[in-house]
Structure formats: structure tokens, C-alpha cells
Peer 1: 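This structure is in C-alpha cells; I'll ask about it shortly.
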Amino acid sequence: MDHFLYITSWFVPFYGLIGAILTLPWAIGIIRQTGPRPAAYLNLLTTIVAFVHSLLIFQNIWDKEPETVIFHWFQVADLDLSFALDISPVSIGATVLITGLSFLAQTYALGYMEKDWALARFFGLFGLFEAALSGLAISDSLFLSYALLEVLTLSTYLLVGFWYAQPLVVTAARDAFWTKRVGDLLLLMGVVTLSCLAGSLNFSDLYEWAQTATLDPVTSALLGLALIAGPAGKCAQFPLHLWLDEAMEGPNPASVLRNSLVVAGGAYVLYKMQPLLFLSPVALNALVIMGTVTAIGATLVSLAQIDIKRALSHSTSAYMGLVFLAMGLQQGGVALMLLLTHAIAKALLFMSSGSIISTTHTQNLTEMGGLWSRMPATTTAFVVGSAGMVTLLPLGSFWAMLAWADGFVSISPWVIGVLVIVNGLTALNLTRVFRYIFWDKPQQKTRRAPEVGWQMAFPMVTLTILTLLLPVMLQQWYLLPDWESVNWYVVGMLVSSTLLGVAIGATMYLDKAWSRSRILAWRFIQDLLGYDFYIDQVYKVTIVSAVAILSKISAWSDRYLIDGVVNLVGFAAILSGQGLKYSISGQSQGYMLTILFVVSILGFFISWSLGLLDKLPF
């Protein structure tokens, strides 16, 4: 049985792909009599099988050494395109998390999108999402990881643009796709460069190459920056962070996975590439700067949002910024722990926010209030998810940040300041959102809002229990520090920042009648944060304008220079032909005389050019 589980571990990602294929008869309209729900049930079934299979493998290999399975995809002469799979507790544990959250999100979608006519298409895209994430988790090849990241980009584009009849949705899907393409293109350059330098794209081979590689500073810097560009786009890091906010136009069940697992997928690839980044101090410094700016900036921006999904999505960018900061400081283990705790808590927060949107039919925080007594399960889920996001004992994020901060309290004390600021502002933002939704007076859209049905309540209750039990699981996996080694000064700073953020968020004045402050100075700050420091406008003035000018120059040169030369030759041929037809006499001796004349001229020029060549010194 153990051997069978090992040799079939590579098949786990294919369950999601099979589920996506099984939904096609309903998604493309071949089967219409039954409605779209059978397609959703088939996709759910394959996800359950994938979860059980990966869970059995995880139990079997928990205390065993990692193993690598290599598949040779294409081999000719000296070219060997192969990809490796990593069968280890970390990779298989990631597939357990992915398939488990996918099952809960799909169950949640059955209730959230119950009346959507394109339910089968949504579940088909969800299956593709799950397959790419599961494959990315066990991939031990940069070549395969890049291909799967491209599948995730395509899946994000299709899911964000799911309701394509709305113009704003189409714009959001387009912007998300093209923003990620910038990072993916740079990552592709890095992949091709590594293939030439190292001769292999399997991570084990790349690690051996990196131990003895000697690159000049310019090459190492450019290579490192290219490798971090792809994960930066996937994790919505500055300056490629604008897409995640716009991606909230898609269905909420897709936002659950996007904000918990998809962004973590990019960070996971960055974690796998960490030994390669040690070759480039410039890349490590870029990770530190990028992570710090995104963590603090995105947290500040989230404070000014009145859309519930956007208020939560910016905190996703902020926490991925902390992960990038950990990678830049060479703390990969802490980054993985932070990814785990954030994924579970953020999935729970987005499920609770989706329940609120489903019952109130609004995403505007100023139109909500008084839901705590009407939606007890949703209120509990939001509170527990919020507690799991900040350093509140004894939940998971506390231990993740403590393990990180404790190691840098004497080496890099400024890191503690970043953690305290981000943690305190996150607590402030979540408390502010809680007051808007649950604590204030009921509004017109919330007076009769009921609790959601079991299909949406079951995933929320499950994740609520999982969030509360996560510290116990971390203890079983020996990931929690001993109490004797805990730095209590760091504990005091982290917990104090949480309590201070909650206190300010609970007491600050919230006037729903004025979503913008009447005080000019506060209004300026609110607009600055609400419009994301006007980065979108800066892009339009700089990059977009430059591209537009270059496009106009290219169009002008193509029309008047390239086409002009071609048209000039054509007009010359037409005019010469028209002129010659009037000079034709119809006599053969005239034709022969013309031919001899032209040949004589050509012979003269040829002999003249050959004479010039003879006079040259060589």
C-alpha cells in the first residue's frame, strides 16, 4: 500500500483536470435537460478523491526523507527537457491544503452561485485552478513551475472575467492578465538564461550549480531580478499589485482561493528558488524593499476602502509583502509558516464576506450594520478569521510572526517595527470593518438579512474550527517554539500592537453619512489612500502615455514610411507601364534595340564596379 501511494502521488493534480473535463458537456451546452448542477457534483467528487488521496500520502511520508521523481518530456541530441516532482511532507502537505480548501470553496459556491446560469463553466474553471495549484505544489522543476504559473494566469483571467457581460469585469480581467504578463515575461527570460547557464531546470540540479557558480555582478543582478518578477506579479507586490484589487470583480468563491492559495503559489515558487537568489545580493535587497513597501503601503490603503472585498484584498498584498520580506532576509521556513496561517484565515474571511454580500446584495460597508444578531455563524467566522490574521494568542499567525521576529530582535530590529506596524494597522482595519458590518445600527439592506444556507455555512464552520485548532496542529508538527526560548519583549510588542489597533478601531468615529471626511486634511489623506497613492494615475501619465506615444510613432512610420516606399514602387511601376504602352511600335527590331541598350548599361556599371575592386589594397 505504501509503495502504491508513492508511485501514484504524481496523479493528484490530474483529479482537478479530470473534474474540469467532466464539466464540459454542461459547460458548452451539450447537456441542458439536467441543468448545470451535475457538473458541479462531478467536480466536487474528483476534489474529494484528490483530498483523500493526498491525505493518505501525507500520513505515509510524514516521517520519511523527500524523494524526487523525474519525467523526461523531450530529449534529442544534447537537449533534455525533463521535469521533476518533489514527494516530501511540505509538497504533499501543500496539496492537502489546496484540495481541502478547494472542496470547501466549491461547496460554498453551490450556495453562493445557486442561480447562476453558467455554474458548470465556473466549476470547470475551478477544476483547472485546482489542478494547476496542486501541480505547482509538487513541482520540483522550474520549467514545470513556470508552465503551471501560466495556467494560473489564464485561470485568473477567465475567473475574474466570468461575468463578462459587465464592462467593469472585462476591464478588470484584462488588467489582471496584462499585469501578470509583465512579471511572467521577465521570469521567462530568467528561465531561459538559467537553462543556458546551468544546463538543467530541475531544482536539485540548479541547487548544485548554484553552490559552485561564479557570475559577474551584472549578470547575477539581472538574473535575480528576472526570477523574482514572476512571483511579484502573482503575489500582487509593488509595483505589480494593482490587479488584485480589480480582480475582486469576479465571483467571491474564486476570490477565496485567489486570496488564500493563488498568491501563495507565487510565493511558494519564490521559496523554491531561494538558493538561486543567494547568488544575487541585489535580488535579496529588492525583495526586502519590495516586501516592506508593499506590506506597509497596502495596509494603509486598506484603511480607506469602503468595499468589503477590497478592504480584505489589500491586506492580502500586505501579508505577501511580509513573506517577500522574510525571503529577502533568508527566512524561508518562517515564510512557509506565515503562508499556511494566512491561507486558512484569509479563506475564512472571504467566505464570511461573501455570505454578507449574498444576503445584503451590496459590498459597500456604509450600507451595512447590525448583522451580528441576524447572522451568528457569519459573525463568528469573521471574528475568528480576523483573530487568525493578527498576533492574538494562541492562534497561528501569532506563532508565525513570533518565530520570525524572535530571530531578528537583535540582528535587524527594524523588522520588528515593520511587523508591529502591519499587525497593528491590520487589527485596526479588521475592527473597523467589523463595526461597519456587524456592530452599527441596521441599515435598509440589513434589517431583514437572514443567515446563509448550509452549503455556505458548512465551509465557514469547518474553517472556523480549523483556524482554532491550527496551533494544536503546529504543535503536533513540532513547529511551535518552547516557552523557555520565547522572547517576552517581542510577545509584548506584538500583542500590544494588536490590542492598540483593536482599541482604536473600536473607538474611532465612523459616520456612514459621510464616506469622505468633511475635514480637508483628512479628506486628502483618505483620497490618497483610497486611490492607492494615485499609482494608477502615475502609470497612466508615465508608462501608458509613453507606450501610446511610441504606438503612434510606430503607426505613423508604418503608414507613411514603410507603406509609402512600397506604394511608391507600385506607383512607379504603374506609371512606367502606362508610359511604355504609348511608345511601343510593335516592331521586333525596336524591342531588340531596347534590350541591347539596357544590357549595355548594366555591363558598363558591372565592369566599372569590378575595376574599383581591383584598385583596392586587399
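Computed from heavy atoms alone, side chains included, the values below leave out hydrogens, waters and symmetry copies.
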Peer 1: Can a donor-acceptor pair be found between the side chains of Ser204 and Asn202 at a distance below 3.5 Å?
Peer 2: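 Per modelled atom types, Ser204 and Asn202 side chains form no pair under 3.5 Å.
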
Peer 1: Kindly compute the distance separating SG (Cys235) from CD1 (Ile228), expressed to the nearest 0.5 Å.
Peer 2: 11.5 Å

Peer 1: Give me the atom names and distance for the closest heavy-atom approach of Ser313 to Asn259.
Peer 2: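 For Ser313 versus Asn259, the nearest heavy atoms are CA-OD1, 3.7 Å.
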
Peer 1: Yes or no on side-chain contact (heavy atoms from CB on, under 4.5 Å) for Thr171 and Arg174, after CA distance, side-chain angles and deciding distance?
Peer 2: CA-CA 5 Å; Thr171 303; Arg174 179 201 63 196; 3.3 Å; yes

Peer 1: Anything under 30° is parallel, anything over 60° is perpendicular, the rest tilted; go ahead and classify Phe11 against Phe14.
Peer 2: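 Ring orientation, 0 to 90° scale: parallel.
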
Peer 1: I would like to know whether Glu150 and Lys180 meet salt bridge (charged side-chain N to carboxylate O under 4.0 Å, His left out); could you show each step before the answer?
Peer 2: CA-CA 9 Å; Glu150 293 301 290; Lys180 288 187 175 185; over 6 Å; no

Peer 1: Please report the interatomic distance OG(Ser355) to CZ(Phe350), rounded to the nearest 0.5 Å.
Peer 2: 13.0 Å

Peer 1: Set out, in order, the CA-CA distance, both residues' side-chain angles and the distance that settles side-chain contact (heavy atoms from CB on, under 4.5 Å) for Trp26 and Thr34, then state yes or no.
Peer 2: CA-CA 9 Å; Trp26 288 270; Thr34 62; 2.9 Å; yes

Peer 1: Do any N or O atoms from the side chain of Ser139 and from the backbone of Gly135 form a donor-acceptor pair under 3.5 angstrom?
Peer 2: no

Peer 1: How far does OG of Ser352 sit from CD1 of Ile357, to the nearest 0.5 angstrom?
Peer 2: 9.5 Å

Peer 1: Hey, what do you get for CG (Leu158) to OH (Tyr164), rounding to the nearest 0.5 Å?
Peer 2: 12.0 Å

Peer 1: Can Ser145 and Lys272 be counted as having a side-chain donor-acceptor contact under 3.5 angstrom?
Peer 2: no

Peer 1: Have Asn429 and Ser315 got a donor and an acceptor in their side chains that come within less than 3.5 Å?
Peer 2: no

Peer 1: Measuring from Ile48:CD1 to Tyr41:OH, what's the distance to the nearest 0.5 Å?
Peer 2: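 So the CD1 of Ile48 and the OH of Tyr41 are separated by 12.0 Å.
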
Peer 1: Which heavy atom in Leu206 sits nearest to a heavy atom in Leu276, and how many Å separate them?
Peer 2: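 Minimum heavy-atom separation between Leu206 and Leu276: O-CD2, 3.7 Å.
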
Peer 1: Using a 3.5 Å distance criterion without hydrogens, assess whether the side chain of Tyr319 forms a donor-acceptor pair with backbone atoms of His342.
Peer 2: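 The answer is no, because no donor-acceptor pair under 3.5 Å joins these two groups.
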
Peer 1: Going by atom types only, do Asn43 and Thr23 share a side-chain donor-acceptor pair under 3.5 Å?
Peer 2: no

Peer 1: What is the ring orientation for Phe458 with Phe103, classed by angle as parallel under 30°, tilted 30 to 60°, or perpendicular over 60°?
Peer 2: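 Answer is perpendicular, since the angle exceeds 60°.
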
Peer 1: How about Phe438: does its CZ atom have over 12 heavy atoms from other parts shown lying under 6.0 Å from it?
Peer 2: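 More than 12 heavy atoms, drawn from other residues, nucleotides or ligands, come within 6.0 Å of this atom.
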
Peer 1: Would a distance-only check, ignoring hydrogens and angles, find a side-chain to backbone donor-acceptor pair under 3.5 Å from Tyr268 to Ala137?
Peer 2: yes

Peer 1: Specify the closest pair of heavy atoms between Lys234 and Leu149, including all atoms of both residues, with the distance to one decimal.
Peer 2: CE-O, 3.3 Å

Peer 1: Which atoms form the tightest heavy-atom contact between Leu101 and Ala347, and what is the distance?
Peer 2: CD2-CB, 4.2 Å

Peer 1: Could you report the tightest heavy-atom contact between Val151 and Ala132, atom names first, then the distance?
Peer 2: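 For Val151 versus Ala132, the nearest heavy atoms are CG1-CB, 3.7 Å.
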
Peer 1: Indicate the atoms forming the closest heavy-atom contact of Phe58 with Pro89, along with that distance.
Peer 2: CE1-O, 3.4 Å

Peer 1: If we ignore hydrogens and angles and just use 3.5 Å, is the side chain of Tyr15 paired with the main-chain N or O of Phe51 as donor and acceptor?
Peer 2: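 Not a single qualifying donor-acceptor pair exists.
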
Peer 1: Decide side-chain hydrogen bond (donor to acceptor under 3.5 Å, both in side chains) for Asp86 and Ser88; before the verdict, give the C-alpha distance in whole Å, the side-chain angles of both, and the deciding distance to 0.1 Å.
Peer 2: CA-CA 6 Å; Asp86 177 32; Ser88 66; 3.0 Å; yes

Peer 1: Leu463 pairs by side-chain contact (heavy atoms from CB on, under 4.5 Å) with which of Val256, Leu468, Ile344?
Peer 2: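 When Val256, Leu468, Ile344 are each tested with Leu463, the side-chain contact (heavy atoms from CB on, under 4.5 Å) holds only for Ile344.
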
Peer 1: Within this structure, what is the CG-CG distance for the pair Leu187 and Leu142, rounded to the nearest 0.5 Å?
Peer 2: 6.5 Å

